[in-house]
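Please read these numbers as outputs of a predicted model, since none were measured by experiment. Chain naming here is simple, since letters A, B, ... match the order of the sequence lines and numbering starts at 1 in each.
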There are 2 protein chains.
Amino acid sequence: MTSKITTKVKILNAAEALFANSGFAETSMREITAKAGVNLASVNYHFGSKKDLIKAVVDRYLERFVPLLLEKIETLEKCNKNYSVSELFECFKSPLLALNSINKDGSVFFLKLIGRGYVDFQGHLRRFITEKYGESLQVIQQCFHKTMPQLTPSEVFWRLHFTIGTSVFTLAASEALIDISRSDFDLEMTPEKIVDQLLPYLAAGFAS
Amino acid sequence: MTSKITTKVKILNAAEALFANSGFAETSMREITAKAGVNLASVNYHFGSKKDLIKAVVDRYLERFVPLLLEKIETLEKCNKNYSVSELFECFKSPLLALNSINKDGSVFFLKLIGRGYVDFQGHLRRFITEKYGESLQVIQQCFHKTMPQLTPSEVFWRLHFTIGTSVFTLAASEALIDISRSDFDLEMTPEKIVDQLLPYLAAGFAS
DNA sequence: TTTTGTTTAAAACGAACGTTTTATAAAAAA
DNA sequence: TTTTTTATAAAACGTTCGTTTTAAACAAAA
């Protein structure tokens, strides 16, 4: 028997696409439930409020992503005591791609949502993330510090967030940028091709 | 006689701060007019609509910034035929700081607004900018290409937008990041200090 | 089968939104 | 001064928002 798609999951799938592409405030409950093909009231019934729905949408990805990433980093540390920045960057790749099993375009959605979480929605989402995943994030940060021990922890922090910023902004604005690229260079870009150009840029910046 | 602050300017000043820090959709007309100390209807009277107000807020900065930047680049081209990437980056500094004469924190507001313009507000703002400043932006792009002629125009385009992305995201999320930096490292950061760390990062990435 | 709890459906709620209208005041032009 | 334009003020407009209520359908347990 093929597992039934529950109302909850229908809502999550519809909401994440709209949130990622249009933003939290710009997306209404009615748009979400219409796209999901469910009743308007079901969001409040299953999630409580729009605020909690936003958290649930992001958390579905984080719950998958963070453990996979920590796992990858752990095996890297075991195999190779003196790993490099780019090896550490590599650890992000497969956990990110794993998100596409939750949803086609899941990895793109995830990065877009993270980007929105920083700038939209006041601090709600960020506070939720740091509460639930703060320890894991600090572990990751320390791993980056190991690759560049000459930096202060604060410098590592800022370079990491420059990196995150470049990634999530590029993805968040990817539709606009792909548009421009098509009209200016007659070049059809995809998120994958963008990432290929992005990675060396990021590595060079972080190791600067 | 001290020049009178018109209602129009009061609205622009109030709106830009709210737009930059909270976003376009999240900021209501009533918040704007309350902060400006003017009547609710005056926004529609002077600007037509909220959409047009958003354009006016951003354009006040662009009208100052773009000519100053083009001027700086022009003199660089005259003085030095073979200028470098970092020399070109330098050209952005003083035009950016000149925005602080429009408004204390003007340069930070400007970058935050550009960042929001990419991801919020569908494509309205971006379309407006490319219509009015598209030619200037292409000139700038060609100058960057001169510093790295081995790249294709498309590659220049993407690296430039990675750079923009890093900048505007960092500024847009600067409050959140400054918060974290304070609690994690007991370090009080300012936008200026952030920019000092950001510039070498950007230069390394672009020239990668 | 009856009962109980869970999920969906439809309708309505009050609040907040951008905008418009109407009226009044101030300034400029005649 | 009178007339005409320009600007501000107050109130109301119709919509849309997130949420709640009420009722019906469905499932599980007794």
Enquirer: With nearest nucleotides of DNA chain C determined for A/Thr6 and B/Ser49 from heavy-atom distances, which residue corresponds to the more 5′ nucleotide?
Expert: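 Its nearest nucleotide lies further toward 5', so the answer is A/Thr6.
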Enquirer: Using atom names, set out every protein N or O paired with an N or O of nucleotides 13-15 of chain D below 3.5 Å, distance rounded to 0.1 Å.
Expert:
none

Enquirer: Is a donor on one side and an acceptor on the other found under 3.5 Å between the side chain of B/Ser181 and the backbone of B/Leu177?
Expert: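 No, B/Ser181 side chain to B/Leu177 backbone: no donor-acceptor pair under 3.5 Å.
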Enquirer: Show your working on salt bridge (charged side-chain N to carboxylate O under 4.0 Å, His left out) between B/Lys193 and B/Asp196 and close with a plain yes or no.
Expert: CA-CA 5 Å; B/Lys193 286 189 198 168; B/Asp196 285 339; over 6 Å; no
Enquirer: Check the distance between D/dC26's C1' and A/Tyr45's OH and give it to me in whole angstrom.
Expert: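 Distance, rounded to whole Å: 12 Å.
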Enquirer: Within this structure, what is the CG-to-P distance between A/Leu40 and D/dT16, rounded to whole angstrom?
Expert: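 Going from CG in A/Leu40 over to P in D/dT16 covers 14 Å.
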Enquirer: Look at B/Glu77 together with B/Lys146 and state whether they make a salt bridge at an N to O cut-off of under 4.0 Å.
Expert: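 The answer is yes: the pair qualifies as a salt bridge.
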Enquirer: Would you please classify the geometry between the B/Phe110 ring and the B/Tyr61 ring as parallel, tilted or perpendicular, with 30° and 60° separating the classes?
Expert: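 B/Tyr61 and B/Phe110: tilted rings.
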Enquirer: Are B/Lys72 and B/Phe92 in a cation-pi setup, meaning NZ or CZ lies under 6.0 angstrom from the ring centre and within 45 degrees of the ring axis?
Expert: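 No, B/Lys72 does not lie over the aromatic ring of B/Phe92.
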Enquirer: Thinking salt bridges, do A/Arg126 and B/Glu175 make one under a 4.0 Å N-O criterion?
Expert: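 Judged by the 4.0 Å cut-off on N to carboxylate O distance, A/Arg126 and B/Glu175 do not form a salt bridge.
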Enquirer: Just do the salt bridge (charged side-chain N to carboxylate O under 4.0 Å, His left out) check on A/Glu63 and A/Lys132 with the steps written out, would you?
Expert: CA-CA 10 Å; A/Glu63 272 186 329; A/Lys132 185 161 178 186; 3.3 Å; yes
Enquirer: Quick one: label A/Thr27 by what it contacts on the DNA or RNA (base, sugar-phosphate, nothing), any heavy atom closer than 4.0 Å.
Expert: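 Answer is sugar-phosphate: A/Thr27 comes under 4.0 Å of backbone atoms only.
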Enquirer: Measure from CG on A/Asn39 to C1' on D/dT21 and round the result to the nearest Å.
Expert: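 It works out to 13 Å between those atoms.
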Enquirer: By the 4.0 Å heavy-atom rule, please label A/Ser42 as base, sugar-phosphate, or nothing.
Expert: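 Touches nothing.
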Enquirer: Going 5' to 3' along DNA chain C, which are the first and last nucleotides with any atom under 4.0 Å from a heavy atom of chain B?
Expert: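 Listing 5' to 3', DNA chain C meets chain B from C/dC17 to C/dT20.
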Enquirer: Starting from the C-alpha separation in whole Å, work towards a yes-or-no answer on side-chain contact (heavy atoms from CB on, under 4.5 Å) for B/Asn13 and B/Arg60.
Expert: CA-CA 10 Å; B/Asn13 288 338; B/Arg60 182 165 66 144; 2.9 Å; yes
Enquirer: Write down the distance between NE2 (A/His46) and C1' (D/dT19), rounded to a whole number of angstrom.
Expert: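 Rounding to the nearest Å, NE2 of A/His46 and C1' of D/dT19 are 16 Å apart.
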